[in-house]
Amino acid sequence: MAKKSYREAINEAIAQEMRRDENVLVWGEDNAGGAGGEGEQDAWGGVLGVTKGLLGEFGPERVLDTPISESAFIGAAVGAAATGLRPVAELMFADFMGVCFDQIYNQAAKFRYMFGGKAVTPLVIRTMYGAGFRAASQHSQTLYPMFTHIPGLKVIVPSSPYDAKGLMIQAIRDDDPCIFFENKVMYDDEEEVPDDSYTIPFGEANVIREGEDATIVAFGRMVGMARQAADALEKEGISCTVVDPRTTSPLDTDTILECVEDTGRLVVVDEGYPRCSMASDVSSIVAQHAFKALKGPIQMVTAPHAPVPFSPELEDEYVPNADKIVAAVRATLA
Amino acid sequence: MAKKSYREAINEAIAQEMRRDENVLVWGEDNAGGAGGEGEQDAWGGVLGVTKGLLGEFGPERVLDTPISESAFIGAAVGAAATGLRPVAELMFADFMGVCFDQIYNQAAKFRYMFGGKAVTPLVIRTMYGAGFRAASQHSQTLYPMFTHIPGLKVIVPSSPYDAKGLMIQAIRDDDPCIFFENKVMYDDEEEVPDDSYTIPFGEANVIREGEDATIVAFGRMVGMARQAADALEKEGISCTVVDPRTTSPLDTDTILECVEDTGRLVVVDEGYPRCSMASDVSSIVAQHAFKALKGPIQMVTAPHAPVPFSPELEDEYVPNADKIVAAVRATLA
Amino acid sequence: MQMNREDLLKSYSTMRTIRDFEERVHEEFASGDIPGFVHLYAGEEASAVGVCSHLENRDVIASTHRGHGHCIAKGCDTREMMLELYGRGEGLCGGKGGSMHIADIEKGMLGANGIVGAGPPLICGAALTAKYKKTGGVAVAFFGDGGSNQGTTLESYNLAKVWNLPVIFVVEDNGYAEATSSSYAVAGDQLDRATGFGMPSARVDGHDYFAVREAAGEMIERARTGGGPSLLHVMLDRFFGHFEGDAMTYRAEGEVQNIRDNKDCLKIFRKRVTEAGLLTDEQLDKIDTDVMAHINACIDESKTASPPSLSTLTTDVYISY
Amino acid sequence: MQMNREDLLKSYSTMRTIRDFEERVHEEFASGDIPGFVHLYAGEEASAVGVCSHLENRDVIASTHRGHGHCIAKGCDTREMMLELYGRGEGLCGGKGGSMHIADIEKGMLGANGIVGAGPPLICGAALTAKYKKTGGVAVAFFGDGGSNQGTTLESYNLAKVWNLPVIFVVEDNGYAEATSSSYAVAGDQLDRATGFGMPSARVDGHDYFAVREAAGEMIERARTGGGPSLLHVMLDRFFGHFEGDAMTYRAEGEVQNIRDNKDCLKIFRKRVTEAGLLTDEQLDKIDTDVMAHINACIDESKTASPPSLSTLTTDVYISY
Ligand SMILES: Cc1ncc(C[n+]2csc(CCOP(=O)(O)OP(=O)(O)O)c2C)c(N)n1
Ligand SMILES: Cc1ncc(C[n+]2csc(CCOP(=O)(O)OP(=O)(O)O)c2C)c(N)n1
Ligand SMILES: [Mg+2]
Ligand SMILES: [Mg+2]
């Protein structure tokens, strides 16, 4: 066991699965990096280096660079999965789903159902999401709510290096199409991550801390913000449960409902747009199924209904943070 | 004034706007129908005949057939709108968004914001949605929640011929990108529709009936189902308010909240998938902003978390209906 | 490439099966029994069968909304297909897919598809599987003149070439995409497009089974032996409308009759093999009778078969349920 | 096509402005002041300026992530551009867009774009506006070798030809898409691709301003006079990495130095015009000095300019707010 970054944890998960199962292949733009050129062949490992080193160990038959043709190579992942491979394909930024979404939601997600249960489509699409990189409106979106909307997809949003590794291994072994959302500002976050292979099951929330006054449900990078908020509130004598669902689809509604039954208050924190969002989703499930337990209005903390701005000052104001979560907890207790 | 179908109402709205403003152009696959062939040139008017007749009146410079290249021709609508036209482009089935979504949510929706307010993008994308046609998983989806999620888009879901006409004229005159969702099984629905031009503002819900016991919020085709449910419940002495928001973005939250303040109960009916849906959205807004008024759990009536099946028996079971709404109202009153 | 008698009989029988399947579905659709959107392949049989007569189970095809012919040519069970068209529980997809989503992955049939241009990317993946696993298999994407304008298709040309995949792109050009003529909507030339991506290509008369078979055979052989992708442009005609219910007013007067009279691939096949003394009219007539009886039986059964159990509404969404 | 002295000076000045803008941004980025992703155009100036020197305000261009050069060539204000790169309130987009989203629609600059291949569809629409309104305007889509593989781009070739639009597709082929070489990722040949869609095309040396200008001029003239779309394949090189921070280990050793020494479009331009006696070194030196002073002033101002007011976070989402 050693400290590993979120990036290293994901890399290690993929490498271990590639060692275990020769049907696991990796592809995407510059996933090796350097194809066709005269310089280093493993130059990039993807734009932020997550797949770096895989080419060296597994060779060009299993680590493939692609043209900038997302429909073709994400679609190829679907076709490969349906015929016996287990591809781990990269859709660099989640924002790029718009050029290839058909292959994800009309093909991968629906094969099994449309074909009457006769298909399995074991593929993982890795993609980066989130604001904080000063990358502006088309490179900073969260968008997992749109994938969560679609039946047939599984959607994974790891909030730590430890979870990232275990959830990635689970995703690669899973027989359904999995969309794996990596938060781009967390790649350098470090923590102790076991060297051995391990899985974390989907649909099992991580209850990060238990409190009595309010439940905070948060996703991905927002889990850290929720923790900070809970720390701050604790000093004022307000104790919060913090729940990290880890996967948005399947969603561990049981755990969420139990925590709300205990605390009677709910704050949902989601980095994405507010409308038809994960904040909406969790709130509505609780308003339907744990209504009686609720002692105050549900509070949602999200980005505003606006694209992500470029300017650092605006972007910092845009993203939910611990202060806003603290305010929301206070509001539901008021 | 005469009885007009939903189809005729939309056609008339477009024709009247084309007469009024020469910058309004129409295009899409077979929107005339017959280009390049030896037979009739205005053969189709779109696959279900909504734009039929426009070619004859306005000519091939204003009514254009397109190749099956949605990215190119929907993108062209965005580029044309940003440079001075007011295109009404057809994305035949909403299910096809996956091959051209980038042009809608990363381009049309974000131009104004990214460019610091210096762009206007007045375009209308007409698209068909909904189940009931035995058209199976890839031609029956609802999907407006995904468009509602995106800031910068306006999303219109007319529930009657009268509304369809007024909302379409509004959409064409509106300077923001508008996605106009036409329910494919409603095209032959008829009612009295004025011959004159009129607009219905966005973000103003239609309170179809007022009751005391529960508020039912429903969208598009589900408005009719909600009415039926309310009729049935009335016979049992349960009186319901039925709210048709008409547009999901902007959403008339004020009216919804007021109705819930009055009735204390909420049922939201949405034809689409349940997760991160319009049902989630409305429920969560009410759970946050009208919590004190709520006397029972919010109930959501949606399709199940599954693709749309082909078989008529399964499809009929899949779509929400009056019985399910009645049961939901009873559940919130229980 | 010589075909023996058995191969010839089989090819004729498959083409006849497609034809009768489609002609009977056309009639039954008119009577209102078959739900949904149905796109018929009648008239185009020589393409599906000419290509698929080279294929085995290790080979994979991806089809379109007009998929019945490809399914039958790739070996899907016609009885189960018909049950599927009627939305029955015993249908090939349990009644959940319908005409536009018939698939049989074990047979290498990766699905009809409701999205124009969806097949080519998928088929690149199937081809990669074959290449990586060294099965010697090839992968074939069928699509129409209309589908040749979808970006997903064009991207796939590039990917198939860049990855040197064993793919054959088969453009079935019936002159129309819905009501729009390919002379309007397809700029340039399909073969030049292939050249643009460095792929060999050929154009064939799709009414001529033997021409299709020969051209496809060469491309499939090239793909099997590591030579990469090719594009086959098949010129053919559909007998029916875009979908059932289409009044076809966009077609020239007499166009369909002329096609039926002079460009019917089954008649042309029959003439060719009987004149060459390879098969007799009696042999072919017998196939005609048997096939029609079989298709009629499929329809009779389908009409009264049970719908899927309602409990299947929410199964097969994931592996776990 | 003769260029007078004034045109020559203007072209040089514009290219020099782009160069200095980029070289200085490179330095300032390294010091950490400029946020976000920045993709520099240095080395490719002859393309943007060669093409845009024919264009007027009625003409529209669409650009890419590597957009500064196109913006400057199309007349965007460099001061406001620099402010935008620093995310300042007085930036061309109020600090909301940044490097990847600079636009100025009044100048016919339809935006840099963060999505590879997004420009060509947009430009078809701008071209349709010009055609329908009979302005005589043309529309130019710039994109890279990498962007030439995006389905949106390829679809646009077809649409532009089918609608006979006044479009020029300019493939700026700098040999790489990020770290991937175009020799790997681009199957076939760009000119053959144009042929595949029935478009005339030409390849030019993008280090040679005059070659670009001449070839583009012909295509623009054709488009203006109703002759439809064309494709220009410009061979050029970028001096810097894909984005700032890229170590460029995928490039051959000495590659960039060789380009700077032997393929610098500014040096080539200077040599050509001075040897032909069209301009003097003194004239050009003066431009060099003035431009650098101007760019430095832009940077100085940008460094200390105010960020946008926080109240703008949720404005410009719709017309109404
Ligand atoms: C992405 C997408 N766009 C549009 C459609 C609607 N549509 C279904 S079939 C068809 C025409 C297809 O023409 P072609 O590819 O020539 O095949 P054919 O019908 O002639 O066999 C269209 C436009 C669709 N299903 N998917
Ligand atoms: C749809 C999409 N896919 C991938 C990317 C990531 N990306 C940004 S620039 C780039 C390379 C573009 O290469 P090219 O078109 O040759 O332009 P160049 O950078 O060489 O100027 C990539 C892959 C993107 N922005 N959009
Ligand atoms: Mg066709
Ligand atoms: Mg490049």
Side-chain angles (χ1 to χ4, degrees), chain A residues 71 95-107 109-110 113-114 136-138 141 143-146 148-152 248-249 251 266 268 272-292 294 296-300 303-307 309-310, chain B residues 71 95-107 109-110 113-114 136-138 141 143-146 148-152 248-249 251 266 268 272-292 294 296-300 303-307 309-310:
Chain A
S71 281
D95 311 67
F96 306 164
M97 64 172 263
V99 296
C100 62
F101 199 41
D102 183 72
Q103 292 289 336
I104 300 172
Y105 82 110
N106 274 334
Q107 312 300 328
K110 297 184 172 54
Y113 193 82
M114 294 191 305
S137 301
Q138 296 174 335
Q141 295 169 90
L143 299 184
Y144 47 71
M146 306 187 80
T148 304
H149 184 61
I150 300 295
T248 63
S249 185
L251 182 73
L266 174 66
V268 194
Y273 304 128
R275 305 290 316 282
C276 300
S277 66
M278 278 313 301
S280 321
D281 192 66
V282 172
S283 301
S284 66
I285 290 168
V286 168
Q288 174 155 10
H289 297 290
F291 178 76
K292 294 252 157 64
L294 282 174
I298 295 173
Q299 299 293 320
M300 297 185 277
H305 185 65
F310 165 65
Chain B
S71 281
D95 310 64
F96 306 163
M97 63 172 267
V99 297
C100 61
F101 198 41
D102 184 73
Q103 293 290 336
I104 299 173
Y105 82 110
N106 274 334
Q107 311 301 329
K110 296 183 172 56
Y113 193 82
M114 296 190 303
S137 300
Q138 296 174 336
Q141 295 169 89
L143 300 183
Y144 47 72
M146 308 187 80
T148 305
H149 185 60
I150 300 295
T248 65
S249 186
L251 181 72
L266 174 66
V268 194
Y273 304 129
R275 306 289 316 281
C276 301
S277 64
M278 278 313 301
S280 321
D281 192 66
V282 173
S283 300
S284 66
I285 290 168
V286 169
Q288 175 155 10
H289 297 290
F291 177 76
K292 294 252 157 64
L294 282 174
I298 294 173
Q299 299 294 320
M300 296 186 278
H305 186 64
F310 165 65

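FYI, side chains are in, hydrogens and waters are out, and symmetry mates aren't considered; it's all heavy atoms of this structure. Chain naming here is simple, since letters A, B, ... match the order of the sequence lines and numbering starts at 1 in each.
- Taken to the nearest 0.5 Å, the CG atom of Asp95(B) stands 7.5 Å off from the NZ atom of Lys110(A).
- Interatomic distance, CD1 of Ile298(B) versus NE2 of His289(A), reported as 11.0 Å (0.5 Å rounding).
- Distance check: Tyr105(A) OH to Met146(B) CE gives 7.5 Å after rounding to the nearest 0.5 Å.
- For a residue to count as touching a neighbouring chain, one of its non-hydrogen atoms must lie under 4.5 Å from one of that chain's; by this rule Leu266(A) does not touch chain B.
- Looking only at heavy-atom pairs under 4.5 Å with chain B, the residue among Val99(A), Thr148(A), Leu143(A), Val286(A) that has the most is Thr148(A).
- When each of Ala303(B), Ala279(B), Gly296(B), Pro274(B) is checked for heavy-atom pairs under 4.5 Å with chain A, Gly296(B) comes out on top.
- Looking at Pro309(A), the atoms closer than 4.5 Å to chain B (heavy atoms on both sides) sit in the backbone and in the side chain alike.
- Contacts between Ala287(A) and chain B at a heavy-atom distance below 4.5 Å involve backbone atoms as well as side-chain atoms.
- Of all heavy-atom pairs spanning Asp281(B) and Ser280(A), the tightest one is OD1-OG, 3.7 Å.
- In this view, Ser284(B) satisfies the side-chain hydrogen bond (donor to acceptor under 3.5 Å, both in side chains) rule with no residue, not counting sequence neighbours.
- When Pro151(B), Gly98(B), Ser283(B) are compared by the number of non-hydrogen pairs under 4.5 Å with chain A, Pro151(B) comes out ahead.
- Heavy-atom pairs under 4.5 Å with chain B were tallied for Leu251(A), Val282(A), Val268(A), Ile285(A); the largest tally goes to Leu251(A).
- Of all non-hydrogen atoms in Cys276(B) and Met278(A), the two that sit nearest each other are SG-SD, 3.6 Å.
- For Ile104(A), no part lies near chain B; criterion is any non-hydrogen pair under 4.5 Å.
- Closest of all the heavy-atom pairs between Ser137(A) and Tyr113(B) is OG-CD2, 4.1 Å.
- When heavy atoms are compared at a cutoff of 4.5 Å, Phe96(A) approaches chain B solely by way of its backbone atoms N, CA, C and O.
- Ring geometry, His149(A) versus Tyr273(B): the interplanar angle exceeds 60°, so the pair is classed perpendicular (tilted spans 30 to 60°).
- In plain terms, the two heavy atoms of Gln141(B) and Asn106(A) that are nearest each other are NE2-OD1, 2.9 Å.
- Arg275(A) has its side chain within reach of Ser249(B): a pair of non-hydrogen atoms, C-beta onward, lies under 4.5 Å apart.
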